[in-house]
Asker: 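Once you've had a glance at the structure underneath, I'll fire off some questions.
Being a predicted model, the structure only gives us computed values, none of them experimental.
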Amino acid sequence: MVERYRTVRLSLERRGETMSADEQGTIERFFDELDPVVFAFGALLTVGVIVAFFVDRSFVAGGIDTVHDEMLSYFSWALLVIVFLVVLFLLFLIVGPWGKIKLGDSDPEYSFLSFFAMLYSAGFAAGVVFWGPTEGLFYYDTPNPMFGTEGGTAEAIPLAVQQTLFHWALPQLAVFTIMGIAIGYFAYNYDGVPLRVSSALTPILGKENLDGPAAKVIDILAVFATIGGVATSLGFIGSQFVTGLDYQWGLNFGDTGILLVVTTMTILFTISMVLGIDKGIRRLSNFNMGLFVVIMLATFIVGPTMFLMLLGSQALGGMISDFVSMSLYTGAAEGGTGWVEDWTVFYWAWALSWSPFAGLFIARISKGRTVREVAFTGIVATSAATVPWFTFVGGTAVFYQHEGIADFSEVMAFEAGAEVSGFILFDAFPLGSVFMIAFLVLVTTFFITSADSSTLAVSMMTTGGKAKPSNINRVFWGVVLGLTAAILMILGGEGGAGALEQAVVITGAPFAFVCLLALLSLAKDFSGTYGRVLLQEQTVIFGSSGVTSESEEDPSVTADPGDD
C-alpha cells in the first residue's frame, strides 16, 4: 500500500503535478503508520456490510437475525460466567496485594476528576442516559422471573430499580476496566509492547508474537466489535433524538432525518476527535458530568424525593445481597431464559463490544496510575455516579407510572419506542421543555465523547498502537462508524431497536473470551512477577515436585519428641 502511494506520487511529479509539502506529509504519514492487515480486514468487514445493505437490505437483515440467534444459543451462559469472574477479579485487585502495581513509571497525565470524567463518558455514559428513564419500567411491568413477583405491583417497584442497578453498576464497567488494565500494564511495563488490544494477551501470545497471526486476528476482531458496539450506541442515541423531535414538536423526517442526525453527530464527534484528548475529549467530558449531575439532582428535587431515598436504599441493598444469584441466573428451570437473553445477556454483549475501544482508551489515559486506582475508578467510582442516576430518574418514572402521574403503558407494551420515555417523564415536570432540551443536549454530548474516543481507539488499533494517529485515519473511521449507525437505525425501522440489539450481540459475544484471556494474562504475570497469592512459591500445581523429605534421605533423622 505504501509502495503504491510512492509510485503514484512519483508519477505525478514526472507530470509536474506535485503536491504541496503539507499534503505529501499528511498522506505519507497516513500510509506509513498503517498496520495494513488490521486496517484492510477491519475496513473490508465493516465497509462490506455497508455495501451489502445498499445492494440487498433484506439479505443483511436476515443474516443479522440468523447469526444473532445462533450466538445466543451457544454463548449466553458463557457471557454470564465470564463477566462474573471479571468482577470478582477486579474486586480482588482493589483489596489485594497486586493493587499497588503501577502502570508505567511516570506520573499521571490528568487529574483524578478529569480521569474519572473521561473514563465514565467514554465508557458507557451515553447508554446510562438513554436507558435511565426507561429500563426500570420494563422490569416493573415484567420482573425478572428469578424473583417470582407479579408485574405492575408495589412489590415490583424496588425490584425493578434493583435489576437496573445490577445491569448498570459493576458488571458492565468491569469488562472495560479489565481490558484497560491489561493493555496498559503490558504496554507501559514491558519494552517493545505496543498500545493495542492484542497486547492484553502478551503472556499467552508471547511478546515476540504480537505481530503474528493470532494477534492480528484479535486486533481485527477488536475493530469489528468496536464499530458494531459504538454504531449501535449512535443508533440508539440518534433514534432518541429523532423520536424526541417527533414526539414533542411533530418533526418527522423519515430515513432522511435519520441520515441528517447521524451525519451531524458524526461531524461533531470527528471535530472533537481531531482536537485531541486534552482540547476535545477532556473538556467535553467535564461539561458532560456537570450537566449530568444538574439533571440528576433536579429530578431528585422535583420528583418524589423521600420515596426515592427509601427506594434507593432498598434497591441497592437488594442488588448487593442478590449479586451472585443475579449474575449467574440463566432461567433454565423457571423458563426465564428468554428474559435473561433479552436483558442481561444483551447488556453484557453490548459492554463486551465496547471493551476493546474502552479498554484501549482507559489504558491511554491511565499511564502512571496504580492497578488499584484504575480498578477502583472503573467499577466503584463510576458505579457511585450510576446508582443515583437510575434511582432518581428511573425510580421517578416507575413511581409516576404506578401512581398514574404519567402514562408509559405504550412503551411497556412496545407500541412506542423506549426512546420516548424521557420525554413522557419530563413532560410531567414543571418546566418540562427545559428538562427535555437539557436531556437531548446531554445525550448528544455524552455520545460525542464516546464516539470520538472510540474512533481514536480504532485508529490506534489500525496503526499498530500509535497514540496519535493521523487525522485522515480518524476521519475515515468516523465516517464508517456514522454510516454503520445509520444503516442499523434504518433496519430497525418501525420495529424499534431490534437490529441494533442484534448487531451488538454479534460483535460483542466473541470478545468475552478475549476478556477472559486478558484476566488470565494478568493473573499469570502478576503471580509470576510479584508472587502468588493463594499458593506458596514452592507449590507445584501438577505432578511431583521431585524433592524428597529429609527423613527419607537420611534414615538417622528421628522425630522430635515434641512432635506428638
Asker: Roughly how far apart are S366 OG and F115 CZ, rounded to 0.5 Å?
Answerer: 3.5 Å
Asker: Answer yes or no: is there a donor N or O on one side and an acceptor on the other, between the side chain of Q172 and the main chain of H167, under 3.5 Å?
Answerer: yes
Asker: Kindly compute the distance separating CG (L360) from OG (S355), expressed to the nearest 0.5 Å.
Answerer: 11.0 Å
Asker: Counting neighbours of CD on E403 that are heavy atoms of other residues, nucleotides or ligands and sit closer than 6.0 Å, is the number greater than 12?
Answerer: yes
Asker: Out of curiosity, W98 CH2 to L93 CG, how far, rounded to the nearest 0.5 Å?
Answerer: 7.5 Å
Asker: Using only atom types and a distance under 3.5 Å, with no angle test, would you say the side chain of N189 pairs donor to acceptor with the backbone of K102?
Answerer: yes
Asker: Main chain of P158, side chain of Q314: is a donor-acceptor contact present, judged purely on distance under 3.5 Å?
Answerer: no
Asker: Using the ring centroid of each side chain, check whether F526 and F89 are separated by less than 6.0 Å.
Answerer: no
Asker: For V374, does its backbone N or O pair with a side-chain atom of R369 as donor and acceptor, under 3.5 Å?
Answerer: no
Asker: Would E109 and R364 count as a salt bridge (charged side-chain N to carboxylate O under 4.0 Å, His left out) here? Give the steps.
Answerer: CA-CA 10 Å; E109 186 176 356; R364 170 67 179 80; 3.5 Å; yes
Asker: Examine distances only and state if a side-chain atom of W339 and a backbone atom of T142 form a donor-acceptor pair shorter than 3.5 Å.
Answerer: yes
Asker: Would you call I405 and F399 a side-chain contact if the rule is heavy atoms closer than 4.5 Å?
Answerer: yes
Asker: Classify the ring geometry between F429 and F426 as parallel (under 30°), tilted (30 to 60°) or perpendicular (over 60°).
Answerer: perpendicular
Asker: Assess the residue pair Y185 and D525 against the criterion (side-chain hydrogen bond (donor to acceptor under 3.5 Å, both in side chains)); give the C-alpha distance rounded to whole Å, side-chain angles, the decisive distance to 0.1 Å, and a yes or no.
Answerer: CA-CA 10 Å; Y185 173 75; D525 189 273; 2.5 Å; yes
Asker: Could you verify whether a donor N or O on one side chain and an acceptor N or O on the other, from Y140 and E135, lie under 3.5 Å apart?
Answerer: no
Asker: Do S313 side-chain atoms and M309 backbone N/O form a donor-acceptor pair below 3.5 Å?
Answerer: yes
Asker: Heavy atoms, side chains only, cut-off 4.5 Å: are T370 and I101 in contact?
Answerer: no
Asker: Keeping S199 on the side-chain end and L195 on the backbone end, is there a donor-acceptor pair under 3.5 Å?
Answerer: no
Asker: Let me see the working for F292 and W389 under ring-ring contact (aromatic ring centres under 6.0 Å, His included), right down to the final yes or no.
Answerer: CA-CA 9 Å; F292 179 79; W389 171 265; 4.7 Å; yes
Asker: Got a sec: does the CG of L328 have more than 12 other heavy atoms crowding it under 6.0 Å?
Answerer: yes
Asker: Roughly how far apart are L88 CG and L170 CG, rounded to 0.5 Å?
Answerer: 10.0 Å
Asker: Calculate, to the nearest 0.5 Å, the distance between atoms OH and CD1 belonging to Y188 and I183 respectively.
Answerer: 9.5 Å
Asker: Using ring-ring contact (aromatic ring centres under 6.0 Å, His included) as the criterion, point out the one residue from W350, W168, W348, Y139 that pairs with W343.
Answerer: Y139
Asker: If we ignore hydrogens and angles and just use 3.5 Å, is the side chain of S76 paired with the main-chain N or O of V345 as donor and acceptor?
Answerer: no
Asker: Find out whether L91 and V87 are in side-chain contact, i.e. whether some heavy atom of one side chain is under 4.5 Å from a heavy atom of the other.
Answerer: yes
Asker: Report yes if the side chains of D407 and I424 come closer than 4.5 Å at any heavy-atom pair, otherwise no.
Answerer: no
Asker: D219 side chain to S198 main-chain N or O, any donor-acceptor pair under 3.5 Å?
Answerer: yes
Asker: Check the pair F357 / W354 against ring-ring contact (aromatic ring centres under 6.0 Å, His included), numbers first and verdict last.
Answerer: CA-CA 6 Å; F357 107 77; W354 278 56; 5.0 Å; yes
Asker: Are any side-chain N or O atoms of S321 and backbone N or O atoms of G318, one a donor and one an acceptor, separated by less than 3.5 Å?
Answerer: yes
Asker: With a 4.5 Å cut-off on side-chain heavy atoms, are F511 and S353 touching?
Answerer: no
